[in-house]
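For clarity, every value in this text was computed on a predicted model and none was experimentally measured. Counting starts at 1 for both ligands and their atoms, in listed order. Counting begins at 1 with the first residue of the sequence.
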Amino acid sequence: MRLILLGPPGAGKGTQASVIIKEYNIPHISTGDIFRANIKEGTELGKKAKEYMDKGLLVPDELVVSIVKDRLTEDDCKEGFLLDGFPRTVNQGEALDEELKQMSLELDKVININVEKEVLIQRAIGRRICRDCGATYHVKFNPPKKEGICDVCGGELFQRDDDKVETVKKRIKVYHEQTEPLIDYYTKKGLILNVDGTKPIDAIFEEISEALQG
Ligand code: ADP
Ligand code: AMP
């Protein structure tokens, strides 16, 4: 299964990704996670990406596209993959199409998670992530059993630097301007699966898996 998760920041892409990859046994490729790992390791890529991420801007296409192209050629992508947060511009979408064409592969579905702006802001500012395993929580909507501690691995939870209210608003604006045109792009290709992202986490996953089976 070759899938893309599309949607504004805070829509629940990462949350759904964590269950979809288990169901289909495919790797989770999150460009945001790749950048955050590079920032943590202090790489040149991480330093460049951080300049954009802290401002709520997109990292330039030329930095993102080559990373994803390389990742797709790795062995664990042979049976499929789930792209989360990529593509984020039509230019990235076209580059992905080109790469898949060269690999003689096709996408199965683009899952588009819809959530209105006010909810997105509440979700992003309450988001907490495990420093060790990357599991995602929300202080109100999806809290861990013990405050500040990951249920899965016992790691410490932290708030992303770009989950401050002003940066979140900027990221939502950037989404409308640069990423939303991809909905039209994939609708024309007959690949879009629209999902109501305001439902409970389990109900959204059920809707996605039913649609992918059908
Ligand atoms: P994205 O990857 O699209 O930016 P996340 O998956 O990180 O979004 O979710 C953003 C925040 O919203 C997280 O704190 C997450 O726990 C919470 N969340 C995700 N899905 C739902 C949902 N269906 N209902 C309520 N909260 C949710
Ligand atoms: P995410 O974890 O998907 O919310 O991404 C966090 C940040 O990483 C974004 O706000 C961008 O600055 C950057 N980023 C992640 N994926 C991409 C992408 N495909 N293109 C450009 N920037 C990206």
For [X], does the [atom1] atom sit with more than 12 other heavy atoms under 6.0 Å from it, leaving out its own atoms?
{"X": "Phe141", "atom1": "CZ", "value": "yes"}
{"X": "Glu106", "atom1": "CD", "value": "no"}
{"X": "Glu177", "atom1": "CD", "value": "yes"}
{"X": "Asp70", "atom1": "CG", "value": "yes"}

Ion pair present between [X] and [Y], side-chain N to carboxylate O less than 4.0 angstrom?
{"X": "Arg171", "Y": "Asp163", "result": "yes"}
{"X": "Asp84", "Y": "Lys13", "result": "no"}
{"X": "Asp97", "Y": "Lys101", "result": "no"}
{"X": "Asp161", "Y": "Lys50", "result": "yes"}

Looking only at protein heavy atoms, identify the closest one to [atom] and say how far it is in Å.
{"atom": "atom 7 (O) of ligand 1", "answer": "Arg127 NH1, 2.6 Å"}
{"atom": "atom 16 (N) of ligand 2", "answer": "Thr31 OG1, 2.7 Å"}
{"atom": "atom 14 (O) of ligand 1", "answer": "Tyr137 O, 2.7 Å"}
{"atom": "atom 25 (C) of ligand 1", "answer": "Phe141 CB, 3.6 Å"}
{"atom": "atom 23 (N) of ligand 1", "answer": "Lys199 O, 2.8 Å"}
{"atom": "atom 19 (C) of ligand 1", "answer": "Thr15 OG1, 3.4 Å"}

Who's closest to [atom] heavy-atom-wise, of [options]?
{"atom": "atom 12 (O) of ligand 1", "options": "Gln16, Lys13, Arg123, Arg160", "result": "Arg123"}
{"atom": "atom 22 (N) of ligand 2", "options": "Val64, Val59, Leu96, Asp161", "result": "Val59"}
{"atom": "atom 2 (O) of ligand 2", "options": "Arg36, Arg88, Met53, Arg171", "result": "Arg36"}
{"atom": "atom 10 (C) of ligand 1", "options": "Ala11, Gly10, Gly7, Ala17", "result": "Gly10"}
{"atom": "atom 13 (C) of ligand 1", "options": "Asp202, Val139, Ile204, Thr136", "result": "Thr136"}

* **Within reach of ligand 1, part of Ile201 (heavy-atom separation under 4.0 Å)** => both
* Counting only heavy atoms, which portion of Leu5 has something under 4.0 Å from ligand 1: side chain, backbone, both, or neither? -> neither
* Structure fact -> Going by the 4.0 angstrom heavy-atom rule, the piece of Leu57 near ligand 2 is backbone
* Does Lys48 reach the main-chain N or O of Val59 with its side chain, forming a donor-acceptor pair under 3.5 Å? -> no
* For ligand 1, which atoms have a heavy atom of His138 less than 4.0 angstrom away? -> 14 (O), 16 (O)
* Asked: Taking only heavy atoms of Gln92, which atoms of ligand 2 are found under 4.0 Å from at least one of them?
  -> 18 (C), 19 (N), 20 (N), 21 (C)
* Asked: Do Thr198 and Asp196 meet the criterion of a side-chain donor-acceptor pair at a distance under 3.5 Å?
  -> yes
* Asked: Can a donor-acceptor pair be found between the side chains of Thr167 and Asp54 at a distance below 3.5 Å?
  -> no
* To do: Would you check whether Arg160 reaches within less than 4.0 Å of ligand 2, judged by its heavy atoms?
  => yes
Counting only nitrogen or oxygen atoms and a 3.5 angstrom limit, does [X] reach ligand 1?
{"X": "Gly14", "result": "yes"}
{"X": "Asp84", "result": "no"}
{"X": "Pro200", "result": "no"}

* Heavy-atom side-chain contact between Leu82 and Leu5 under 4.5 Å -> yes
